[in-house]
> 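The following block contains the structure, expressed as structure tokens.
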There are 2 protein chains.
Amino acid sequence: MPTIYEVSKLAGVSLATVSRVMNGSAKVSDKNKKKVRDAMDALGYRPNSVAISLASKRSNCIGILVAELDGVFFGSMMTGIEKTLRNHHKHVVITAGHSNDFDEREGIEFLKSRNCDALIIHAEQLSDDYLIELSKGKTPIVVVNRFIAAIKDKCISLDNLKGGYLATQFILNKGHTKLVNISGPKSKNDANDRLLGFKQALREQGLVCEEHQIYEGNYLQESGAAAIDHFISAGIAFTAVVCGNDQMAIGAMARLRVYQKNPSEDVAVIGFDDVSFAACTFPTLTTIKYPIKEMGNQAAKLILKEVYNIVVDDIRQRYEPSLVERDSV
Amino acid sequence: MPTIYEVSKLAGVSLATVSRVMNGSAKVSDKNKKKVRDAMDALGYRPNSVAISLASKRSNCIGILVAELDGVFFGSMMTGIEKTLRNHHKHVVITAGHSNDFDEREGIEFLKSRNCDALIIHAEQLSDDYLIELSKGKTPIVVVNRFIAAIKDKCISLDNLKGGYLATQFILNKGHTKLVNISGPKSKNDANDRLLGFKQALREQGLVCEEHQIYEGNYLQESGAAAIDHFISAGIAFTAVVCGNDQMAIGAMARLRVYQKNPSEDVAVIGFDDVSFAACTFPTLTTIKYPIKEMGNQAAKLILKEVYNIVVDDIRQRYEPSLVERDSV
DNA sequence: TTGTAAGCGTTATCAA
DNA sequence: TTGATAACGCTTACAA
């Protein structure tokens with residue numbers, strides 16, 4: 001790998017001049033510019049971005065922390081972010097937090113030590129306080145899927161509680177009274193908020209929410225199925241199931257059939273997120289839209305603006321969930 | 001951010017000694033070791049991995065190139081890789097190639113310039129020749145989902161042709177004779193191989209494969225649906241549809257219902273990949289198992305062994321597809 | 001076992 | 001507009 005030094009030698013100019021033509025940071029005579037360019041071509045020169053990063057303290061990299069690398073939800077988010085950033089020649093380095101405190105912290109340390117210019121964080125376990133503290137550090141952050149008042153201008157969030165409320169209200173309006181809830185893990189904020197919305201809707205309808213109506217799943221398909229097993233074996237009667245996310249809803253629908261109950265006809269099912277295949281299930285899934293891709297896009301724009309001073313159009317930081325009506329209710 | 005220099009000062013030892021305790025590269029007296037550790041704690045020292053990377057020419061980072069960041073298939077692959085690597089304290093930097101030559105090349109350049117110790121590549125457009133050339137460079141590579149004879153010990157692949165063959169044969173054995181095929185994009189090797197398998201199975205059965213039996217999709221759900229629209233509006237009769245992947249199969253099943261055709265009962269549908277939600281569709285999807293997560297795992301092991309000289313158990317480089325029988329056929 | 005000092009490939013600050 | 005030269009934060013001979 002040729003270095004800037006060899007380029008300068010071949011071009012017959014100084015290191016500084018080569019550096020200048022690389023990043024147009026100052027005027028260089030056309031003559032020299034051409035000499036340098038030619039030398040670069042001749043040598044097949046590629047800048048070493050590690051060295052650039054060390055010297056300039058800028059990496060043009062944005063670190064992303066997600067819970068999992070698979071999962072349609074995070075996939076959408078990463079895509080939204082990467083697309084926007086790439087348009088401005090910024091790159092993305094992704095790390096998985098596996099929904100546990102240790103990996104999330106370690107992931108963030110890694111990203112920081114990698115000299116990332118900024119971080120986009122979708123943390124599951126990190127406390128608000130930790131995030132607030134982190135935001136005071138020298139690496140700018142953007143928090144997705146959580147609203148923290150103290151750093152609200154660094155948050156891109158959705159009102160999960162309202163989403164849970166909307167879903168439940170829709171079910172109630174259809175005349176259902178025996179609802180069960182397959183919730184996400186209690187350790188996750190969004191799951192709790194969605195559940196809170198569920199309870200609130202019931203309360204407003206004069207219904208009480210008993211603990212046995214709630215099953216704590218893990219956001220994966222299997223736990224949607226397990227929840228159905230649980231409710232049925234426990235002899236809990238229900239005509240509608242409100243799910244913490246689409247994946248669990250899909251698992252639940254599949255398992256309902258095993259018990260000869262048809263989703264939609266016998267039991268209404270509603271999901272959350274509106275992931276891409278929600279429109280392709282049978283029956284197609286009624287759900288709450290979580291515009292995560294768009295939110296990823298906004299997170300990226302926020303960074304473009306704050307960190308790189310790039311002019312972007314208005315940034316939206318707070319999103320409202322909305323109902324997507326299909327056939328499963 | 002404190003540097004190694006400040007640590008050495010506070011601990012009253014040299015830079016070299018601090019460096020030695022950081023990476024246990026040589027003997028350091030217990031006394032000094034403790035002094036250094038204490039100093040690090042007191043300062044909250046964090047090594048700067050960019051500097052480490054520049055000085056040591058090792059980054060402990062493995063670059064991954066995938067087509068898309070979303071998509072269950074790539075998600076599984078990334079997860080398989082990351083899990084294995086992380087166990088050995090290696091990190092992953094991911095970039096998307098968007099299935100086009102330019103982005104794929106640029107992604108690889110980026111990863112190389114980022115000082116990645118090795119690359120795991122799931123390329124769609126890059127030619128075999130390019131990959132062979134790349135493999136001669138100083139950054140080791142592993143190619144997933146493609147078998148290139150010239151660099152076969154760097155490939156982790158699946159016999160896609162055989163998979164297409166198996167799927168088709170299974171359908172034929174059920175007595176179907178009017179098949180259509182929803183293929184992946186012609187520009188992708190795996191799609192072509194699967195289609196070749198389809199044709200071969202037909203041929204062996206004495207059936208001819210006409211061009212109009214084949215629809216070229218893009219591996220997304222929508223194109224599975226579009227394919228059904230196409231076949232039906234073109235008046236092509238069929239009782240079975242062989243799909244290039246699960247997503248298109250799911251899109252196709254959903255669309256079939258629009259035409260009052262029930263998947264499985266009226267029309268058999270078979271997918272490819274066995275992604276996680278294939279077991280949760282209705283009817284559940286019969287498909288070909290593509291053990292991509294496991295293959296990602298093997299790719300990671302290959303790198304652990306070749307690049308870091310870590311002892312791993314046997315590495316499997318060639319995989320055979322297998323049929324997963326469910327309800328859609 | 002420890003320390004000195006020369007890199008690693010850039011950027012950035014001064015002078016010229 | 002150009003060129004020396006000192007950072008950037010760490011590793012690694014080589015010496016002691």
Side-chain angles (χ1 to χ4, degrees), chain A residues 1-37 39-40 43-61 91 109-110 112-117 138-139 308, chain B residues 1-37 39-40 43-61 109-117 138-139 308:
Chain A
M1 278 285 136
T3 71
I4 196 178
Y5 177 74
E6 293 157 49
V7 175
S8 80
K9 206 161 183 182
L10 182 62
V13 298
S14 70
L15 290 189
T17 301
V18 177
S19 175
R20 284 177 191 118
V21 351
M22 281 178 61
N23 38 100
S25 51
K27 288 248 110 42
V28 174
S29 68
D30 287 348
K31 195 181 297 171
N32 276 344
K33 217 178 270 180
K34 179 166 168 24
K35 279 202 274 182
V36 170
R37 293 250 161 77
M40 284 177 170
L43 269 53
Y45 169 77
R46 296 267 155 205
N48 176 327
S49 57
V50 174
I52 295 176
S53 180
L54 181 63
S56 68
K57 300 177 153 291
R58 264 281 159 89
S59 63
N60 285 321
C61 273
H91 285 276
E109 285 308 326
F110 167 71
K112 289 202 324 190
S113 74
R114 255 357 264 181
N115 243 8
C116 286
D117 296 338
K138 74 167 211 241
T139 309
Y308 301 106
Chain B
M1 277 285 137
T3 72
I4 197 177
Y5 177 73
E6 292 158 49
V7 174
S8 82
K9 206 161 184 184
L10 182 61
V13 299
S14 71
L15 290 189
T17 300
V18 176
S19 175
R20 284 177 191 120
V21 352
M22 281 178 62
N23 39 96
S25 52
K27 286 249 119 26
V28 175
S29 69
D30 288 348
K31 195 181 297 173
N32 276 344
K33 216 178 269 178
K34 180 164 167 29
K35 282 203 273 184
V36 170
R37 293 251 160 77
M40 284 176 170
L43 270 57
Y45 171 76
R46 295 270 153 202
N48 176 327
S49 57
V50 173
I52 296 176
S53 179
L54 181 62
S56 68
K57 299 175 153 291
R58 265 282 155 87
S59 65
N60 285 318
C61 274
E109 286 308 326
F110 166 71
L111 295 171
K112 290 203 323 192
S113 75
R114 256 356 263 180
N115 242 9
C116 286
D117 296 337
K138 74 168 208 228
T139 308
Y308 301 107

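Throughout, protein chains are lettered first and strands after them, A, B, ... in sequence-line order, and every chain is numbered starting at 1.
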> Under 4.0 Å from any heavy atom of chain B: name the first and the last nucleotide of DNA chain D that qualifies, 5' to 3'.
D/dG9 to D/dA13

> If you look at every heavy atom in B/A51 and A/L54, which pair is closest and at what distance?
CB-CD1, 3.8 Å

> Is A/S19 near enough to C/dT11 that one of its side-chain N or O atoms lies under 4.0 angstrom from OP1 or OP2?
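Yes, within the criterion.
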
> How many angstroms lie between atom OH of B/Y5 and atom CG of B/L10, to the nearest 0.5 angstrom?
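If I round to the nearest 0.5 Å, the distance is 12.5 Å.
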
> Between atom CG in A/N115 and atom P in C/dT10, what is the gap in whole Å?
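Nearest whole value for this atom pair: 16 Å.
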
> With a non-hydrogen cut-off below 4.0 angstrom, is B/S29 in contact with a base, only sugar-phosphate, or nothing?
sugar-phosphate

> Within the pair B/S14 and C/dG3, is there a side-chain N or O less than 4.0 Å away from OP1 or OP2?
yes

> Whether the side chain of A/N115 engages the backbone of A/S53 through a donor-acceptor N/O pair (distance < 3.5 Å, no angle test) should be reported.
yes

> Let me spell it out: for each of B/M22 and A/A16, pick the nucleotide of DNA chain D with the closest heavy atom. Which residue's pick is nearer the 5' end?
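By nearest-heavy-atom nucleotide position, the 5'-most residue is A/A16.
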
> Can you tell me if the side-chain N/O atoms of B/N32 get under 4.0 Å from OP1 or OP2 in C/dT2?
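Checking C/dT2 against B/N32, a side-chain N or O does come within under 4.0 Å of OP1 or OP2.
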
> With a cut-off of less than 4.0 Å, is there a side-chain N or O of A/Y45 near OP1 or OP2 of C/dT10?
yes

> Looking for any heavy atom pair under 4.0 Å, which part of the strands does A/R58 touch: base, sugar-phosphate only, or nothing?
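If one applies the 4.0 Å heavy-atom cut-off, A/R58 turns out to touch nothing in the nucleic acid.
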
> Take the protein atom OH of A/Y5 and the nucleotide atom C1' of C/dG7, then report the distance between them rounded to whole Å.
13 Å

> What is the distance from atom OG of B/S56 to atom CG of B/D117, rounded to the nearest 0.5 Å?
8.0 Å

> Looking at every heavy atom in both B/P47 and B/I52, which two are closest together, and how far apart are they?
CB-CD1, 3.9 Å

> If you compare all heavy atoms of B/V7 against all heavy atoms of B/M40, which two are closest, and at what distance to 0.1 Å?
CG1-CG, 3.9 Å

> For the atom pair CD (A/E109) and OG (A/S113), what is the distance rounded to the nearest 0.5 Å?
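Going from CD on A/E109 over to OG on A/S113, the span is 7.5 Å.
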
> Go nucleotide by nucleotide along DNA chain C from the 5' end; which of B/L54 and B/K33 gets its closest nucleotide reached first?
B/K33

> Checking all strands, does B/V13 fall into the base, sugar-phosphate, or nothing category for heavy-atom contacts under 4.0 angstrom?
sugar-phosphate

> CG of A/N48 versus P of C/dG7: gap in Å, rounded?
18 Å

> Go nucleotide by nucleotide along DNA chain C from the 5' end; which of A/R20 and A/P2 gets its closest nucleotide reached first?
A/P2

